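Structure record follows, encoded as structure tokens.
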Amino acid sequence: MPGEPSLFSAADYTFMAEAIRLAEKGLYTTSPNPRVGCVIVKNHQIIGRGWHEKAGQPHAEINALKQAASEVKGSTVYVTLEPCCHYGRTPPCTDALINAGIAKLIIAAQDPNPRVAGKGIKQLKAAGIEVQYGLLEAQANQLNIGFVSRMTRQRPWITVKIASSLDGKIALANGKSQWITGEAARTDVHRLRARSCAILTGINTVKQDDPELSVRYIQTTRQPFRVILDNRLEIATNAKVLQKPGSLIFTTLQDNQKIDSLSEKGARVVVLSSSTGKLDLAEVMSTLAELEINEVLVEAGSTLSSAFVESRLVDEIIIYFAPIVLGNYAQSMLNLPELTSLSQKWQLEIKEIGKVGSDIKITAKLI
């Protein structure tokens with residue numbers, strides 16, 4: 001089959017790795033679009049490089065074609081995601097590649113978007129271009145975990161972040177939690193925020209900590225949306241999270257006067273129907289997907305974090321363990337129901353362990 005890795009040469013791997021490196025440049029900026037990189041090669045030399053920076057701006061292929069200019073005819077193009085074949089915010093890249101006269105295209109991953117999903121490959125082959133795919137596919141998809149999730153599962157990729165003591169505590173009994181982890185860990189969290197499309201928390205965290213939920217420790221041109229789950233619209237209009245536009249407040253309460261006052265602050269209020277007065281997390285996630293949110297970072301207290309775990313909506317949990325102990329009276333990282341048998345345990349698969357400053361960072365998958 002054309003996508004079998006055995007058909008790829010060492011040079012192919014080198015050029016695709018460069019395309020993936022270029023795609024990484026869009027880690028903080030491309031949302032809601034996928035992160036894509038492109039390399040154009042002729043006579044074993046790279047003649048064009050490109051990456052997609054921002055929705056509405058040229059795609060990676062177009063940027064690479066522009067750099068390659070007149071030399072592109074008969075070249076081989078390496079791209080991390082199947083070229084688009086439809087009109088969206090920009091014209092289709094398949095037309096540009098065909099018109100440029102390229103001879104061969106090697107793709108890392110097929111586009112899960114139903115508007116593309118193999119149609120781009122089919123169109124390019126019909127134009128006489130040799131197409132191979134599947135080279136460094138896992139690496140390309142990892143860059144776009146949220147985009148793939150939204151296209152295939154109709155919900156964002158959900159990460160729950162926890163900062164904890166070694167004995168599993170996230171705050172003192174009086175609610176004080178600043179700062180459990182060190183500065184290096186907090187900077188790393190801002191990297192997670194920067195790549196996310198939205199940061200989500202609950203109303204209790206807003207009332208207790210009054211967070212900004214913004215990216216501050218690293219440089220970025222885009223701030224993620226700030227999502228607050230607030231069943232009874234208790235949020236104060238002077239909350240820090242509302243001081244800049246870009247807040248989404250989910251509630252079950254149709255209080256038009258409060259909604260109008262929040263709208264004046266630049267917030268968008270989404271009212272979801274509920275027979276229990278509580279928000280359905282799955283419905284919230286489905287709504288966020290409709291709003292083109294790819295990746296959600298949950299930064300909340302133990303109750304809301306536990307609700308995500310119990311609902312099986314969590315794709316990964318990232319825990320920063322500080323080398324401290326807070327004791328029995330401090331608040332636990334999760335507030336899960338009592339278990340009566342070890343067979344009921346919540347099983348995790350450890351994906352990565354590392355040290356960030358003086359803290360330990362563990363990335364795990366709920367299985």
Side-chain angles (χ1 to χ4, degrees), residues 1-30 33-54 57-86 88 90-113 116-145 147-148 195:
M1 292 179 64
E4 290 182 356
S6 60
L7 297 179
F8 298 119
S9 68
D12 290 333
Y13 278 89
T14 299
F15 293 132
M16 187 61 80
E18 172 66 7
I20 288 175
R21 186 190 69 80
L22 289 167
E24 289 172 346
K25 289 177 174 282
L27 192 64
Y28 301 155
T29 61
T30 61
N33 285 359
R35 296 127 184 169
V36 183
C38 180
V39 168
I40 300 176
V41 176
K42 193 171 185 179
N43 298 324
H44 309 292
Q45 298 294 321
I46 295 177
I47 61 171
R49 290 180 173 88
W51 57 283
H52 181 49
E53 181 176 356
K54 190 176 182 181
Q57 293 186 4
H59 288 188
E61 301 94 318
I62 305 303
N63 289 326
L65 287 170
K66 183 178 180 180
Q67 189 178 101
S70 60
E71 298 180 66
V72 73
K73 189 172 183 180
S75 63
T76 298
V77 174
Y78 296 80
V79 66
T80 59
L81 189 70
E82 178 183 359
C84 63
C85 56
H86 65 285
T90 59
C93 291
T94 49
D95 289 354
L97 293 168
I98 292 168
N99 293 334
I102 71 167
K104 185 176 181 179
L105 179 70
I106 298 180
I107 301 166
Q110 289 185 266
D111 193 334
N113 186 342
V116 185
K119 300 181 183 72
I121 291 173
K122 185 177 180 180
Q123 185 177 335
L124 291 159
K125 285 183 175 180
I129 297 171
E130 182 184 352
V131 180
Q132 291 178 282
Y133 55 89
L135 176 60
L136 299 184
E137 180 180 18
Q139 291 88 331
N141 280 333
Q142 181 63 29
L143 267 179
N144 293 309
I145 50 176
F147 180 77
V148 172
R195 72 166 288 164

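If you read the sequence from its start, that first residue is 1, and numbering goes on from there. A quick note: this is a predicted structure, and the numbers were derived from the prediction, not measured.
The backbone N or O of Pro58 sits less than 3.5 Å from a side-chain atom of His52, completing a donor-acceptor pair. Lys25 places no side-chain N or O within donor-acceptor distance of the main-chain N or O of Trp51, the cut-off being under 3.5 Å. Side-chain atoms of Thr29 come within 3.5 Å of backbone atoms of Glu53 as a donor-acceptor pair (strictly under, hydrogens ignored). Judged by distance alone, with hydrogens and angles left aside, the side-chain atoms of Glu82 form a donor-acceptor pair with the main-chain N or O of Gly118 at under 3.5 Å. Looking at Asn43, its side chain never comes within 3.5 Å of a backbone N or O of Gln45 through a donor-acceptor pair. Thr80 contributes no side-chain N or O that, together with a main-chain N or O of Ala19, makes up a donor-acceptor pair within less than 3.5 Å. No donor-acceptor pair under 3.5 Å is formed between the side chain of Glu130 and the backbone N or O of Lys104.
To the nearest 0.5 Å, atom CD1 of residue Ile129 and atom CG of residue Leu97 are 6.5 Å apart. From His59, atom NE2 reaches atom OG1 of Thr30 across 10.0 Å, with rounding to the nearest 0.5 Å. Expressed to the nearest 0.5 Å, how far CG of Leu81 lies from SG of Cys38 amounts to 11.5 Å. Atoms CG and CD1, on Leu136 and Ile107 in that order, are 13.5 Å from each other to the nearest 0.5 Å. The CG atom of Asn63 sits 10.0 Å away from the CG atom of Leu22 when rounded to the nearest 0.5 Å. In this structure, the separation between CG on Leu135 and CE on Met16 is 4.5 Å, given to the nearest 0.5 Å.
By the 4.5 Å heavy-atom criterion applied to side chains, Arg49 and Gln67 are counted as neighbours. Residues Thr94 and Lys119 form no side-chain contact, since every pair of their non-hydrogen atoms from C-beta on lies 4.5 Å or further apart. Inter-residue side-chain proximity for Ile121 and Gln110 is flagged as met; some heavy-atom pair is nearer than 4.5 Å. Two residues are said to be in side-chain contact when any heavy atoms from C-beta on lie closer than 4.5 Å; Arg195 and Arg35 meet this criterion. Here the side chains of Leu105 and Pro83 are in contact, with some heavy-atom distance below 4.5 Å. At a threshold of 4.5 Å between non-hydrogen side-chain atoms, the residues Ile62 and Cys93 count as touching.
In plain terms, the two heavy atoms of Asp12 and Leu7 that are nearest each other are OD2-O, 4.4 Å. Of all the heavy atoms in Ile20 and Ala140, the pair that sits closest is CD1-N, 4.2 Å.
Aromatic ring orientation, Phe15 versus Tyr78: tilted (interplanar angle from 30° to 60°).
With salt bridges taken as basic N to acidic carboxylate O contacts below 4.0 Å, one links Arg21 and Glu18.
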